[in-house]
Amino acid sequence: MAYDHKKVEKKWQQYWQDHDSFKTTEDPNKKNYYALDMFPYPSGQGLHVGHPEGYTATDITARMKRMQGFNVLHPMGWDAFGLPAEQYALDTGHDPAEFTQENINNFKRQINSLGFSYDWDREINTTDPNFYKWTQWTFEQMYKKGLAYESEELVNWSPDLGTVVANEEVIDGKTERGGFPVYRKPMKQWMLKITAYADRLLDDLDLIDWPENVKDMQRNWIGRSEGAQITFDVADSDLKFDIFTTRPDTLFGVTYAVMSPEHKLVNQITTPAQNAMVDAYVKQAEMKSDLERTDLAKEKTGVFTGAYAINPATGERIPIWLSDYVLSSYGTGAIMAVPAHDTRDYEFAKKFGIDIQPVIEGGDISQAAYTGDGVHINSQFLDGLGKDEAIARMLDWLTDKGIGEKKVNYKMRDWLFSRQRYWGEPIPIIHWEDGTTGLVPEDQLPLKLPKMTDIKPSGTGESPLANDLDWVNVVDKNGRKGKRETNTMPQWAGSSWYYLRYVDPHNDAKLADYKKLQQWLPVDLYIGGAEHAVRHLLYVRFWHKFLYDIGVVPTVEPFQKLYNQGMVLGDNHEKMSKSKGNVVNPDDVVEEYGADTLRMYEMFMGPLDASIPWSEKGLAGSRRFLDRVWRLLVDDDDNLRADKLTDKVGGPLKKAYHQTVKTVTEDYEQLRFNVAISQLMVFINDAYKEDTLPRDYVEGFILLLAPIAPHMMEELWQKLGHDESLTYAPWPTYDPNALVDDQVDIVLQVNGKRRGVATVSRELGKDELEKIALTNENVEKFIAGKDVKKVIVVPGKIVNVVAK
RNA sequence: GCGGGCGUGGCGGAAUGGUAGACGCGCAAGAUUAAGGAUCUUGUGAGCAUUAUUGCUCAUGGAAGUUCGAAUCUUCUCGCCCGCACCA
């Protein structure tokens, strides 16, 4: 009888549920291990075969750690607020809450069908008021510290979505969701002051074990740059403006200044003669979406304001231009232009015929800007100096004169935290009629999202919540009237701290108990997709550091080790998508091959972080291996092949077994599952050649394979006579002495090429090995007629004869 | 343009300075004739030589280098992927 995956998988899933097998233990005598998945957004599509790749990796780790005697926290939950559900609800007339619940039920069914060892008592859901109470609470703490503030900002407005989106949600000038154009528009919005943590977010990357590319992306996003802020006077007026530059040493080469079209001073400095042109340029810039602005970046545009500034170094008058190559959102929104030594300024100066004044030797300014290092010229007190020295000297000079100072700037901007949509956490703020703004008192949290029938975005920049007057209008105990904030939080809010709630999910009094957090944090292993490298993972680190500062969490970083699983591609090597018709549904795989096969195949495909095409043949191969394991131990009548088992240990499988325990344990630890599986296959291939199998080895093997294929291994474990689940069976150990043979193969080389092999005693010394090599028939052939210059002997491994 | 990564059989991939191609897929041969994606054993980078155990040559995108020895380290170069992109 062939292995019946449907029966066996159902049986053990039921067993685990009935026995609370995966309930988190909190034994003070054990060490703790926190294995975390990026919780999913429960979409209407259901689980994708990409989801189980990361989930299986953490599940294997969690299962191994349990067997190794750790308390293991391995939870799952739902990132259930967000645009897609709301969009779907709008399109179909569904209630997003109901629709989301259906999706969650489906996701949970699918996840359970794959045999993941989650502790469902700790399930969380970001849309549950008992959860978002603490999202709101954290927002209030930020507000009290001045880190959550309301501000008129130039924001990314998406008319198609009817909401603003954060900078991080704009990809190539379009919204991440839907790919809609984005316009810069001034709007009053809630912001979180993530920039206050810029340096710590940057520096603490050194403390964590994350992929280098993710760290680099974060460094890049934070974009710290050191330079100077310098004040320029506007000629013939009392006005001044600041610029930021990383090259204060080139101040003598400044021949003009540029302000962004949105700069505050534009109206005040523009001369009447230039007014019409400036006006037209500013309007035009306003109309363009970000995408159009960057698309047109090939050709610089700009307009002269008619005004002049004074170069503080030379005292000369320099024209002030306007151009959208200067961004209002970076630095001071104005620059000093050094066309001789900056490629952008060079292009602009060439186009508009502005003076180009070299101040560093090297390059040819008739051809291109010279941005390299060199000796300064035409720069009075900087003449003769190199770049670094000149920068230092100039900073001193600026500071002395009181017209400039050293300054650090960041590309990262504050986090736009409000959305004009319904399906999100309400921001717990009340705007009072006397013009003040206050928090919803903590004892009134959670501030629940009201049920509404019409949740269409107004399109005017107001949230649909504004229409629910019963909810919006409030009166305090003194009769003062107020209106609730109607913007909601972005989807990233709940995911910025959810991993903390798993630690203490039912706590009514606190976000989570500090002592419990001390026991579990930081998360030991966090696995998810690379698409969250900057956004989610930067927000989380910011929230965590804030919560650390106010004494809620005990660690400065949330996730000690992060790993990005790759993508599962379609069998045509392309990203799976409905339109390409290459989507594989995990339900179908579980039905046909079983969960163990799916888990095993996804781990065997290749390295966990690689993106690899799906192969039905490969999937079948994984099933074949599991069948092979089954048949090795179970006969056609579904009975254990007891006659094959022996209580003796040792024999021909001894070395292979110990090697397997060692390799598999180490490979699991390093998430090298594909290699671990190949070693398990080697052992089974060896075992097939033997008539008898030591029972110890068979049991050890079953435990090693159990994290990957838990259902079948539980069944085999039971057949071997165990009446309890193997969940807490002790992890196999190996004897290092069993790994070394008395006899080893020594490779014999001549000039680095393999010319023979000799099987000798492991302890054989250098001299004997050299002698064996030199007397080897084939080696002799290759050194005949040559001088032996040197013989390199690596005992136990190799002998290389160098002959010329 | 800048930053990061990758390039190994027909395919997915092993090997992180010491026998290149573990393991799997595919393919082939043999055994077997179980009804279902069969199973078991063996072989399988290319080429040459050999009755043969076997030996030799070439081979990790390309070129050069370091080294007794390089898929692995260095430089250049080509190609692909990811991220950022007028950030002053």
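Convention: sequence-line order gives letters A, B, ...; per-chain numbering from 1.
In this structure, A/Phe625 reaches neither bases nor backbone, as no heavy-atom distance under 4.0 Å exists between it and the strands shown. The residue A/Ile792 sits close to a base: some heavy atom pair falls under 4.0 Å. At the heavy-atom level, A/Lys407 lies nowhere under 4.0 Å from the strands shown. Counting any heavy atom pair closer than 4.0 Å across all strands shown, A/Pro613 reaches no nucleic acid atom. Among the protein residues, A/Ser615 comes within range of no part of the nucleic acid, since none of its heavy atoms lies under 4.0 Å from any strand. A/Arg672 comes within 4.0 angstrom of the backbone, heavy atoms only, and of no base. Counting non-hydrogen atoms under 4.0 angstrom, A/Val682 reaches the backbone sugars and phosphates but no base. A/Glu616 comes within 4.0 angstrom of no nucleic acid atom, judged by non-hydrogen atoms across all strands. A/Lys790 comes within 4.0 angstrom of the backbone, heavy atoms only, and of no base.
Here B/U19 is the nucleotide among B/G12, B/A88, B/U19 with the atom lying nearest to any side-chain atom of A/Val747. When the nucleotides B/U19, B/C23, B/G18 are ranked by their closest atom to the side chain of A/Val794, B/G18 comes out on top. Of the candidates B/C23, B/U57, B/G18, the closest approach to any side-chain atom of A/Phe782 belongs to B/U57.
Taking atom P in both B/U8 and B/A14, one finds a spacing of 11 Å when rounded to whole Å. A distance of about 15 Å separates the C1' atoms of B/A71 and B/G45, rounded to the whole Å. Nucleotides B/G4 and B/C56 place their C1' atoms 43 Å apart, quoted to the nearest Å. Between the P atoms of B/G7 and B/U33, the separation comes to 48 Å (whole Å).
For A/Asn674, a side-chain nitrogen or oxygen approaches OP1 or OP2 of B/A14 to under 4.0 Å. Side-chain N/O atoms of A/Arg628 include none lying less than 4.0 angstrom from OP1 or OP2 on B/G37. Regarding contacts with the backbone of B/A20, every side-chain N or O of A/Arg754 stays at 4.0 angstrom or more from both OP1 and OP2. For the pair A/Asn778 and B/U54, the criterion of a side-chain N or O lying under 4.0 Å from OP1 or OP2 is not met. Under 4.0 angstrom from either OP1 or OP2 of B/C25 there lies at least one side-chain N or O belonging to A/Arg624. Regarding contacts with the backbone of B/A88, a side-chain N or O of A/Tyr330 is found under 4.0 angstrom from either OP1 or OP2. Phosphate contact (OP1/OP2 of B/G24, side-chain N/O of A/Arg623, threshold under 4.0 Å): absent. Between A/Lys797 and B/G18, a side-chain N or O to OP1/OP2 separation shorter than 4.0 Å is absent. Put simply, A/Asn213 has no side-chain N or O that comes within less than 4.0 Å of OP1 or OP2 on B/C6. One finds a side-chain N or O of A/Ser225 lying less than 4.0 angstrom from the OP1 or OP2 phosphate oxygen of B/A88.
Checked by distance alone, A/Lys300 brings a side-chain donor or acceptor within 3.5 Å of a matching partner on the base of B/C86. Contact annotation: side chain of A/Asn800 to base of B/C68, donor-acceptor pair present below 3.5 Å.
Taking atom NZ of A/Lys753 as the reference point, atom P of B/C68 lies 16 Å away to the nearest angstrom. Taking atom CZ of A/Arg247 as the reference point, atom P of B/C86 lies 20 Å away to the nearest angstrom. Between the CG atom of A/Asp588 and the C1' atom of B/G37 there is a distance of 16 Å, given to the nearest Å.
For the 3.5 Å distance criterion, the side chains of A/Thr231 and A/Asp242 qualify, holding a donor opposite an acceptor. No side-chain donor from either of A/Asp609 and A/Asn564 sits under 3.5 Å from a side-chain acceptor of the other. Counting only N and O atoms by type, the side chains of A/Asp199 and A/Tyr410 include a donor and acceptor under 3.5 Å apart. There is no side-chain donor-acceptor pair under 3.5 Å between A/Glu602 and A/Thr56. Counted by atom type alone, A/Gln659 and A/Thr663 present one or more donor-acceptor pairs between their side chains at under 3.5 Å. Neither side chain, A/Tyr281 nor A/Thr305, offers a donor N or O lying under 3.5 Å from an acceptor on the other.
Ion pairing between A/Arg672 and A/Asp667 holds under the 4.0 Å rule for side-chain N and carboxylate O.
In this entry the base of B/G45 is anti relative to its sugar, with a glycosidic angle more than 90° from 0.
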